[in-house]
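What follows is a set of notes on a single structure, which appears directly below.
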Amino acid sequence: MSTLLNVKNMSKRFGGLHAIKDMSFSVEEGEVVGLIGPNGAGKTTCFNVVSGTSPASGGSITFEGENLIGKRTCDIVQMGLARTYQATSVFPQSTVLENVVRGAFVRSKDSFLGSLMGTAASQRAQAETKAECLEILKQVGIDHVHGELADSLPYGYQRRLGVAVALASKPKLIMMDEPAAGLNPEESMDMGKLIRGIHESGQASVLIVEHDMRLVMGICDRIIVLDHGELIAAGTPEEIRDNPKVIEAYLGTEAVS
Amino acid sequence: MTILNENAPDAENVGRSVWFRIALIAVACAVAAFIPGLLPNLFYVHIVNLTLLSGIFALSLWVIYSVGQLSLCHAAFAGLGAYISAIISMRLNIPPALSLVLSTLATAALAAALGAVILRLRGVYFVLVTFLFGQMFTLLALNWAGMTNGANGLIGIKAVTLFGISFGPRPMFFYLAFAMFLMVLVFVWALNRSTFGRAFNSIEQNINLAETCGIDTARYQVIAFAIGSGIAGLGGALMAHYIRFISPDTFTFHNSVAYITMLVVGGRSLFWGAVLGAAFLTPLPEFLRDFEGLQHIIYGAIMIVVLRVMPGGLISLPRTLARIGGAK
Ligand SMILES: Nc1ncnc2c1ncn2[C@@H]1O[C@H](COP(=O)(O)OP(=O)(O)OP(=O)(O)O)[C@@H](O)[C@H]1O
Ligand SMILES: [Mg+2]
């Protein structure tokens with residue numbers, strides 16, 4: 001088992017606000033790690049910094065030993081670190097299949113000149129990518145609507161499409177920001193199964209932010225807890241469940257007797 | 001499985017569609033060959049020529065619009081191409097056919113340099129900066145008199161000559177303008193279907209997601225800006241060698257707005273909209289001349305009506321008609 005993501009003493013300031021303080025954690029190959037914490041704890045900010053959307057104020061971040069600090073998002077994705085967004089994020093005016101094809105953009109064998117001229121090689125490359133993307137849609141369970149505009153999909157399907165787009169880049173690690181937010185209990189269960197499936201098929205490791213505790217406890221090997229930008233606990237789901245500091249963070253001081 | 005078969009590379013199908021497109025272009029050329037002869041007088045030929053050039057400007061602006069950016073300095077790049085081509089053909093005695101190519105490349109390079117700096121901005125900020133750049137161009141053309149001859153402009157620009165044929169006379173220039181327009185049209189169409197087109201449209205629809213798809217959004221925006229502005233430079237250079245006179249007034253802020261108007265009235269969603277907008281709006285003022293003082297009012301009224309009835313632009317006419325028909 002080798003370390004994929006290694007974050008050391010990462011910090012992030014927004015003016016006077018210290019959104020992340022000295023955060024250190026790692027994700028190993030083949031793991032599902034949960035990142036939890038109350039609202040405003042800094043979880044999304046953590047994803048933004050790691051994925052290069054927002055520059056770190058300090059610390060070091062490496063992926064498979066390679067430095068990520070100062071790298072742009074598009075380069076980080078090409079290294080094998082993908083992410084999904086907390087709010088649904090799709091290409092609304094494109095078909096479901098086209099959305100996933102765009103997720104595979106950097107892997108496609110299609111060339112600019114080939115596609116400009118419409119050569120047979122380019123058509124073949126596109127057909128190959130499309131076939132792969134249909135497989136991914138099948139995996140997330142929405143291949144039957146592949147021809148519809150992403151905009152017209154029901155909310156639950158849009159969330160799965162977001163995962164499919166991220167999977168299309170064939171990441172080694174996928175960071176999911178609240179994939180089950182706004183889903184009903186049944187859809188949430190399905191999302192849990194999907195994530196387990198991604199992990200069990202050896203497709204990718206997962207770092208997941210989620211408020212649905214049943215889901216998190218059910219699928220994570222390890223959980224880390226963030227509160228006010230500080231890492232307050234780390235351990236197995238059982239350890240986290242009984243950790244007084246975690247209970248305090250979630251329920252306030254008075255709950256701990 | 002049917003889906004897969006649909007998208008499978010079918011050599012025969014591919015070949016057939018290529019031949020279909022070539023046939024389409026051949027028909028367009030054959031029709032075009034007779035146009036100058038069919039028009040009642042040279043004035044109409046002139047209008048058609050200007051319309052073709054407008055088509056080039058509108059199409060090239062669409063390329064920039066296809067990454068979701070609205071450039072208010074499109075006329076400045078057209079002017080840049082015009083001045084570069086005019087000056088190098090006059091001073092260095094470079095044949096206009098070659099100076100057209102050189103000025104296109106130079107304009108694209110300058111746009112890439114400017115774009116690399118300003119394309120970090122999006123939305124209204126980008127629009128404002130391009131507006132300022134357009135104004136700077138006009139001031140430069142006015143004040144760098146040693147090079148541009150200031151407000152008096154450059155006169156006596158040579159006509160394009162190819163293989164001993166002069167494309168100076170209006171009917172002859174029509175063939176050149178038509179060939180160039182067709183070339184730009186086919187190029188933009190192909191570009192839109194290429195991997196670049198996919199990247200451009202991803203950026204337009206959702207720039208953050210495009211970046212997390214691994215698309216280098218900064219680079220592709222610069223590419224779109226350089227290609228669009230470069231083609232505008234080509235159109236401007238063609239204009240210079242056609243009218244054979246340019247001044248700072250030839251390409252102003254008002255022209256930039258006119259190109260945007262063509263996009264909006266024609267329909268922004270497809271590049272055909274740009275063609276339609278140019279074809280509709282370029283000749284319109286000429287045919288309103290008879291109304292003397294009312295000309296501009298009627299022009300404005302027509303635009304308002306078009307946008308009121310078809311918010312998607314003229315390109316959405318079939319859909320609008322279908323909707324009206326269905327409602328009855
Ligand atoms: N761009 C920004 N500028 C200023 N402050 C920000 C910015 N982004 C986040 N913050 C602040 O940083 C803190 C952490 O926010 P973040 O979105 O990371 O929380 P979160 O843990 O994802 O919360 P939630 O569970 O509600 O999604 C919050 O106080 C937030 O207001
Ligand atoms: Mg969040």
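Lettering of chains follows the sequences in order, A, B, ..., and the numbering in each one begins at 1. Predicted model only: the values in this text are computed from it and were never measured.
- Options Q78(A), R83(A), R72(A) differ in how many heavy-atom pairs under 4.5 Å they form with chain B, and the most are formed by R72(A).
- Counting heavy atoms from C-beta outward, V101(A) and K130(A) have side chains that approach closer than 4.5 Å.
- Of the atoms belonging to S89(A), heavy atoms from both backbone and side chain fall under 4.5 Å from chain B.
- Of all the listed residues (T84(A), D75(A), V90(A)), the one sharing the greatest number of non-hydrogen pairs under 4.5 Å with chain B is V90(A).
- For D110(A) and R198(B), the salt-bridge test fails: no basic side-chain N is under 4.0 Å from an acidic carboxylate O.
- Both the backbone and the side chain of Q93(A) come within contact range of chain B, each with at least one heavy atom under 4.5 Å from a heavy atom of that chain.
- In the displayed structure, R120(B) atom CZ is contacted under 6.0 Å by at most 12 heavy atoms of other residues, nucleotides or ligands.
- Interface remark: S94(A) contributes backbone and side-chain atoms alike to the contact with chain B (heavy atom separation under 4.5 Å).
- With a 4.5 Å cut-off on non-hydrogen atoms, N192(B) does not touch chain A at all.
- Within 6.0 Å of atom CH2 in W189(B), more than 12 heavy atoms from other residues, nucleotides or ligands are found, so the atom counts as buried in its surroundings.
- No part of S51(A) comes within reach of chain B, as not one of its non-hydrogen atoms sits under 4.5 angstrom from that chain.
- Between atom OH of residue Y85(A) and atom OG1 of residue T44(A) there is a gap of 11.0 Å, rounded to the nearest 0.5 Å.
- The closest side-chain heavy-atom distance from I203(B) to R122(B) is below 4.5 Å.
- K172(A) contributes no side-chain N or O that, together with a main-chain N or O of L81(A), makes up a donor-acceptor pair within less than 3.5 Å.
- Counting heavy-atom pairs closer than 4.5 Å to chain B, the top-ranked of the candidates I76(A), L113(A), V106(A), V165(A) is V106(A).
- Within the 4.5 angstrom heavy-atom criterion, no atom of E128(A) approaches chain B.
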